[in-house]
Amino acid sequence: MEPLYQPGSVERRWQETWESEGLYLAGAGRRRDESFVICVPPPNVTGELHMGHALNGSIQDVLVRWHRMRGFDTLWQPGYDHAGISTQNVIEKQLIAEGTTRQEVGREAFLERTWRWLDETGRTIMGQYRRLGASLDYSRERFTMDEGYVEAVMTFFVRLWDAGWIYRANRIVNWCPYHQTAISDLEVEHVETDDMLSFVRYPFVEGDGGIAVATVRPATMLADVAVAVHPDDPRYRDAIGRELVVPVVERRVPVIADERVDPAFGTGAVKVTPGHDPMDFEIGRDHGLETLTVIGPDGRMIAPGFEGLEQKEADAKVVAWAEERGLVEKREPYRHSVGTCERCHSRIEPLVSPQWWCRMEGLAAPALEALRERRVRFHPESQHRFAIESLEQAPDWCVSRQLWWGHQIPIWACPDGHLTCAWPPPAACAECGSGELVRDPDVLDTWFSSALWPFATLGWPAETPELARYYPGDVNSTAREIIRLWENRMIFSGLFLLGGIPFTDVIIHSTVLAADGRRMSKSLGTGVDPMEPVEAHGADATRYGLLKISSTQDVRYAVGAIEEGRKLANKLWNVARLIVQQTEGVTPDARPTALEERWILARLDAARAAVEDAWARFDFASATGVLYHLTFDDFCDWYAEAVKPRLYDGDEDCRATALAALETLLALLHPLMPHVTEEIWSHLPGRTASLIVSPWPEPDGSHAASHDALERVKEAAQVFRRSGVAVELASEEERRVFAAVVRPERRRDGGDVDAERARLRKEIARAEGMLGNERFVANAPADVVDGERAKLERYRRELELLGS
RNA sequence: GGGCGGUUAGCUCAGCUGGUAGAGCGCCUGCCUUACACGCAGGUGGCCGCAGGUUCGAGUCCUGCACCGCCCACCA
């Protein structure tokens, strides 16, 4: 064992060993009937591990390893998401770079190419999880487009259809002109954008004057079917019911009244364009207006006379036309937020198009009940409330996407237009028996399949032994932004399809921001690859650091925390060297014969309880803190220092206990820092089984009383080190420990006695002040008052020892 | 515009149901003491964002204000 712990080679070696010896497999080390199940949030097949994954992986691995040591039948389910739009984006970019398009290549060839690319280049994240030491059961890796998984997705859709919750509707959707597909509200990213706001007057058909409207998109005037004003707006009250002429197209449109119009914005009058604006679509629907379309699926104009123009060109043409006729009142710069596609950042085009929708009431109700009854609990509590609110307000789910990469919708149409929804693929139309069926070209929203992850990975809809054993699971851990997209949908689909919740606890972990507080993002260049600290400081250190900084809110990435982890690993390694070197041929055995032995066993016991409590509350930062101070302060700086002379002397009880105490320390640290603890474990005498499947330490409350005695020694040592004055100790044992810790050769004479006296006088004055306050003594809890009395007494005693 | 959270030592952050402020890093002073200089011992450093209130006592509870984040939202 070298003095400097080198994580790199050690960690890789153990990662290979653990996996090849089957210690990551579900059920490894199982000693009891209960199971503990977590499924990893399936990362995109095309993705790389980012800091959020690394934190989340650390969280899940700690819980899995802890439960495995406690004897649970653990399963940590790995796998990937096919990530419809994201993956298709990658392949489409490649095609464009090659001078072609997906349309030219064709659907079949495109899909073939995607599969080939995935096999060659995708699926890198599970390798990175391995390097982090994540003990997933890699033998069970699943993919949302696996043959069996497709069965699950199709079955889900058919069940929804049979329940009557799937319907087709022509609605205005968020249309991405680049991907040429509808995307959900949740996939739209709003960005502040600078635009021009144009005020254009629409003349009355009869009589003079007109009404001016404000618009940032003059081109959409071509599809205007009305002008709306607020019913109570005095400026326009008389205009309601009159007709206006839309410039350029010279269409006659009515002035209508609608409460959704904000009188304070612009001119207080809104042009109504149901075909190209979400609010206008609703107003149009409610007033029975026609829906006109002047923009095509590629975002270019299709209006007569404007065909093929970019919208900006069309805007200019329309404004020019109106300006020539003196209808433009003014144009001014205007900053507002514009929806963009979160994948390609194209400006979202609100377009009316036919899509498949899923009604939410029937799905949401049981999930809401489960949340309100806390059968599923989100942590922290604020996220629990958010999950409930999101479900209460969940709008119908647009499940169709005009993509190729994904699960094609299992609906077929016959020449007469009858629809058949079935799986496996039907041979004939369910209504007329026609065999000429054409399948709907759309695919399902990616989240439609992710919603099934906790049970589709276990073989559902087949009734597999895994499903019986591991469903429902226990914990799900994920990022905040995914609560509505994923968590809520897993809960309602589990309830709908299996009649039971998929897990009981949802951990919403911190978002890891860059060190300067900005978001970690590739485009900003603020991202940090988690493999960087793993290579520099080790996987153990990285896990430690990430959990140390984690909290219930966003946190800043701090290398310092990871360096602290590296120091902890090194410290542990070295104290183990000390003990291992002095205990050749000794059998570990806790023999609490001396004070320092009893004390460290009590400290280990207390730390075990604190750590268990913190893990169980998902308070990962507290747990790392407890383990850090246990190792540095208690084990190394006090216990190891106190015990050294007896260890060198060959005291058998001391040596056997030191080994036993070290073993307990290693076990407590293992879920957090598996590699360094396993490496040390392997150097201990008589060790054959891996620490992974070794039992978690049992409670042992028998030594708690030694605490006070050692605290007295600590105080005496501190006073001595500060002032050079030796405080008298009561027992032989205490004096022995004192002598071991404050070694004679290190004693220095003198010390700053005056400073120490001044400090004590100050403390005494403070305590006397408090105890002199009658109301304090009368109202404060007894232990607080007693604590102050004890402090006061001690300070006086110490002051006396220093002499005045 | 709505909702949630933050403001504590130079930096990053802990402080549970109110009891008189802590950690790590940094800085200062000693130490290469045969486990570890990725170390040991000791120390410096805070009107706990601002203003009120409740209380014997307030980072801790209440009210208002000021900044800073995040999420959500159809303001043309």
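The sequence lines fix the lettering, A, B, ..., with proteins before strands; numbering per chain opens at 1. Computed from a predicted model, the values in this text were never measured in an experiment. Reckoned from all heavy atoms, side chains included, excluding hydrogens, waters and symmetry mates.
Atom pair Leu568(A):CG and rC38(B):C1' shows a separation of 11 Å (rounding to whole Å applied). With rounding to whole Å, Glu2(A) atom CD is found 11 Å from rC36(B) atom P.
Between the side chains of Gln582(A) and Tyr648(A), no donor N or O sits under 3.5 Å from an acceptor N or O.
The aromatic rings of Trp573(A) and Tyr5(A) lie tilted to each other, with the angle between the two planes from 30° to 60°.
Heavy atoms of Ile172(A) sit nowhere under 4.0 angstrom from any nucleic acid atom. Residue-level contact check: Asp637(A) touches the backbone only, with heavy atoms under 4.0 Å from sugar-phosphate atoms and none from bases. Backbone-only engagement by Gln718(A) is indicated by non-hydrogen atom pairs under 4.0 Å involving sugar-phosphate atoms exclusively. Residue contacts for Phe632(A): at a heavy-atom cut-off of 4.0 Å it reaches the sugar-phosphate backbone alone, with no base atom in range. Looking at heavy-atom distances under 4.0 Å, Thr511(A) makes no contact with the nucleic acid at all. Within the 4.0 angstrom heavy-atom criterion, no nucleotide atom of any strand lies near Phe199(A).
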Item to complete: Using the salt bridge (Lys or Arg N to Asp or Glu O under 4.0 Å) rule, take Asp649(A) and Arg646(A) through it: C-alpha gap first, then chi angles, then the decisive distance, then the call.
Response: CA-CA 5 Å; Asp649(A) 282 353; Arg646(A) 292 168 58 228; over 6 Å; no
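Neither OP1 nor OP2 of rC38(B) sits under 4.0 Å from any side-chain N or O of Arg566(A). Residue Lys644(A) places none of its side-chain N or O atoms closer than 4.0 Å to OP1 or OP2 of rU34(B). Residue Tyr648(A) places at least one side-chain N or O under 4.0 Å from the OP1 or OP2 atom of rA35(B). Between Tyr5(A) and rA35(B), a side-chain N or O to OP1/OP2 separation shorter than 4.0 Å is absent.
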Could I get a table of every N or O pair under 3.5 Å where one atom is in the protein and the other is in nucleotides 56-61 of chain B?
none

Every protein N/O lying under 3.5 Å from an N/O of nucleotides 67-70 of chain B:
from    : atom 1 : to        : atom 2 : distance (Å)
rC70(B) : O2'    : Arg480(A) : NH2    : 3.2

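Taking atom P on both nucleotides, rG19(B) is separated from rG57(B) by 15 Å, rounded to a whole Å. rG59(B) and rU20(B) have their P atoms separated by 11 Å, with the value rounded to a whole Å.
The local environment of CD in Glu259(A) is sparse, with at most 12 non-hydrogen atoms from other residues, nucleotides or ligands closer than 6.0 Å.
No hydrogens or angles were tested; on distance alone, nothing pairs the side chain of Gln393(A) with the base of rA73(B) as donor and acceptor under 3.5 Å.
Judged by distance alone, the side chain of His287(A) and the main-chain N or O of Ile256(A) form no donor-acceptor pair under 3.5 Å.
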